[in-house]
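The residues of the chain are indexed from 1 along the displayed sequence. All of these numbers come straight from a predicted model, not from anything done at the bench.
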Amino acid sequence: MSRPSSLLPRTTTLLLLMVLALGFTLGVVWLLSAQRQSATSREALQQLQARSSRIAQLDTLLVNVLDAESGVRGFINSNNPVFLTPYQDGRAVVDKTLAALKAGEWENAAQRSSLDQLALLIEARWKVMTQALEQSALPKTDGPTGGIGKELTDDIRSLILGLRAQTVAEMNATIVASFDRFAEARRTNTVLGLGVLVLLLAIIVLLYRQERLRDRLAALLQSENARLQTEVAARTADLSNLATYLTNTREAEQERIARELHDELGALLTAAKLDAGWIARKLPAEAMAPLRDRFDRLLDTLSQVISIKRRVVADLRPPLLAELGLIEALRSLAQSGMVGENEGRIELELPETLPELPASVSLALFRIAQEALTNVRRHAQAKRVRLSLTVEPQEIVLQVEDDGTGFDPSVQRLNRHGLTGIAHRVQMLAGRLDVASRPGHGTRIEARVPLNAAAA
């Protein structure tokens, strides 16, 4: 059983979010790793710089001690003051260098102890050189060690070389450790880089799949919308055809009833009235006298029934429409001159002539005007109503406008059958209906029927 298509984009989106979250995590890990590697490299460089400076300082100490010793020996041998410059200037350099070495960081206490011992040896060696200058004679070189001066110098050289060797070893160890860290960082960066590349590839694949799913869904939605539109159009056409059939059937039935009322009932009522009149004329006066009132009421009743019959026939199928045309039928529609309880006037604006119109078009326009005026009488409470019919180059325009209570056309109501019927009749003629109204500002109904549709 296949998964529902609606779940596929959601699953793909969840996978994409998971991949993005994993990619973000890898990016953060990569950034932290790079920061750690940078800090470690910086620390290693600082250590190498400090140890390189320490080696330079140790070399400076040894050189200054040896230069001072050589200068003192040269001065004593030649009595030339120029040889005393290394001795005189070297002490300040030595003291400054020793202070810098003591201020630096050492790896263990033994090295710091060796540095303290070195300072004592340099101080002792300097005292020996000072005594030699005061006595203007070099110390005696007795014994296998070569004398106190040589012993101190050898001890100083030994301590300096030892500290230097230890510092060089520490530098080498730092370099080796740095290379190891570089190798580890390269492996880490390689793994993280490959991971990021794999995630990017996964994102590309997921985005491609999501795009394909989106295209499929769009195609499905388009196909479904097309199917629904086709079905709605078919049902709308069926309903429109049914409404047209019912309208035509109702008009045909009204025409049949009107014809029967006019032909049969009219003939019967006319015959009854004639017979009643004939009987009234034939009865003797002395017999007619007590029946005169009843005969008068009977004749008046028959006249009222005939009038009602004519009005009903006119409502069912206006005879003026077929006999005199649409203009006279509209004029007769407004003969009462009143609309509703407010006795509003109906103003007519009708042309002198109209193009030849099919009977169905004339009937539809008449029914539209009839229904609009009926709505005005029932609901509008209007004081003024204007009914106009104009012929434009391409259209016939029928307007019914009132100054009544109005309504909101945007509010859908189920009981607006009159407007619905008007709209359907306009649709039957391939026309356009415009309803403009606002509460308290009256209503304007405008029906536009194409002349070519009317001619067809």
Side-chain angles (χ1 to χ4, degrees), residues 40-179:
T40 304
S41 300
R42 181 182 178 86
E43 183 182 356
L45 289 175
Q46 289 176 347
Q47 290 178 357
L48 289 174
Q49 184 179 10
R51 286 163 182 166
S52 177
S53 177
R54 184 191 302 172
I55 290 175
Q57 291 167 352
L58 291 174
D59 291 341
T60 300
L61 280 178
L62 182 58
V63 169
N64 277 275
V65 170
L66 294 177
D67 286 346
E69 183 179 347
S70 299
V72 170
R73 185 178 290 109
F75 175 74
I76 293 175
N77 290 331
S78 65
N79 201 23
N80 188 351
V82 73
F83 288 103
L84 288 178
T85 301
Y87 168 78
Q88 293 171 347
D89 299 338
R91 184 54 190 259
V93 175
V94 168
D95 292 340
K96 183 178 179 181
T97 305
L98 284 174
L101 286 171
K102 290 180 179 180
E105 294 184 0
W106 295 83
E107 279 65 21
N108 52 60
Q111 291 178 340
R112 187 165 291 280
S113 176
S114 298
L115 182 61
D116 294 337
Q117 185 180 359
L118 176 61
L120 294 175
L121 290 174
I122 291 175
E123 180 66 25
R125 184 69 182 91
W126 223 267
K127 287 181 179 180
V128 170
M129 288 188 290
T130 303
Q131 290 175 1
L133 288 175
E134 290 175 352
Q135 297 173 2
S136 297
L138 296 172
K140 294 181 180 181
T141 56
D142 53 349
T145 59
I148 186 63
K150 186 177 185 307
E151 291 177 0
L152 290 173
T153 300
D154 291 341
D155 291 339
I156 290 171
R157 181 183 290 109
S158 177
L159 281 175
I160 289 176
L161 292 177
L163 290 172
R164 193 178 189 282
Q166 293 178 9
T167 303
V168 170
E170 292 169 359
M171 291 178 65
N172 292 333
T174 301
I175 293 173
V176 172
S178 297
F179 278 116

> If you look at every heavy atom in Ser114 and Leu163, which pair is closest and at what distance?
Replying inline: CB-CD2, 3.9 Å
> Just how far is it from atom CG of Leu61 to atom CD1 of Ile156, taken to the nearest 0.5 Å?
Replying inline: 9.0 Å
>> Evaluate Thr167 against Arg164 for side-chain contact (heavy atoms from CB on, under 4.5 Å), listing each step before the verdict.
In response: CA-CA 5 Å; Thr167 303; Arg164 193 178 189 282; 5.6 Å; no
>> Using 0.5 Å steps for rounding, measure from the CG atom of Asp154 to the CG atom of Leu159.
In response: 11.0 Å
> Would you say Ser52's side chain and Leu48's backbone share a donor-acceptor pair under 3.5 angstrom?
Replying inline: no
> Taking it one step at a time, do Leu118 and Ile122 satisfy side-chain contact (heavy atoms from CB on, under 4.5 Å)?
Replying inline: CA-CA 6 Å; Leu118 176 61; Ile122 291 175; 3.9 Å; yes
> Nearest 0.5 Å, what's the CD1-CD1 distance between Ile160 and Ile55?
Replying inline: 12.5 Å
>> With a 4.0 Å cut-off on N to O distance, would you call Arg112 and Asp116 a salt bridge?
In response: no
> Is Asp155 close to Arg125 at the side-chain level, that is, under 4.5 Å between some pair of heavy atoms?
Replying inline: no
>> Please give me the minimum heavy-atom distance between Asn64 and Gly90, naming the atom from each residue.
In response: OD1-CA, 3.8 Å
>> Ignoring hydrogens, what is the shortest heavy-atom contact between Asp67 and Pro86? Give both atom names and the distance.
In response: O-CB, 3.5 Å
> Just wondering, are more than 12 heavy atoms of other shown residues or ligands nearer than 6.0 Å to CD in Gln49?
Replying inline: no
>> Within this structure, what is the CE-CD1 distance for the pair Met129 and Ile76, rounded to the nearest 0.5 Å?
In response: 10.5 Å
>> Distance check, rounded to the nearest 0.5 Å: Glu43 atom CD versus Leu45 atom CG?
In response: 10.5 Å
> Has the side chain of Ser113 got a donor or acceptor atom that lies under 3.5 Å from a matching backbone atom of Ala109?
Replying inline: no
> Shortest non-hydrogen contact from Arg54 to Leu101?
Replying inline: CG-CD2, 3.8 Å
>> Taking the basic N atoms (NZ, or NE/NH1/NH2) and the acidic carboxylate oxygens, is any pair closer than 4.0 Å for Glu105 and Arg51?
In response: no
> Passes side-chain contact (heavy atoms from CB on, under 4.5 Å), Asn77 versus Phe83? Steps please.
Replying inline: CA-CA 10 Å; Asn77 290 331; Phe83 288 103; over 6 Å; no
> Looking at Phe75 and Leu133, what are the two nearest heavy atoms and their distance?
Replying inline: CD2-CD2, 3.6 Å
> Do Glu123 and Arg91 come within less than 4.5 Å of each other through their side chains, counting heavy atoms only?
Replying inline: yes
> Hey, does the side chain of Ser178 reach the backbone of Thr174 with a donor-acceptor pair shorter than 3.5 angstrom?
Replying inline: yes
> If you take all heavy atoms of Glu69 and Thr153, which pair is closest and at what distance?
Replying inline: OE1-OG1, 2.8 Å
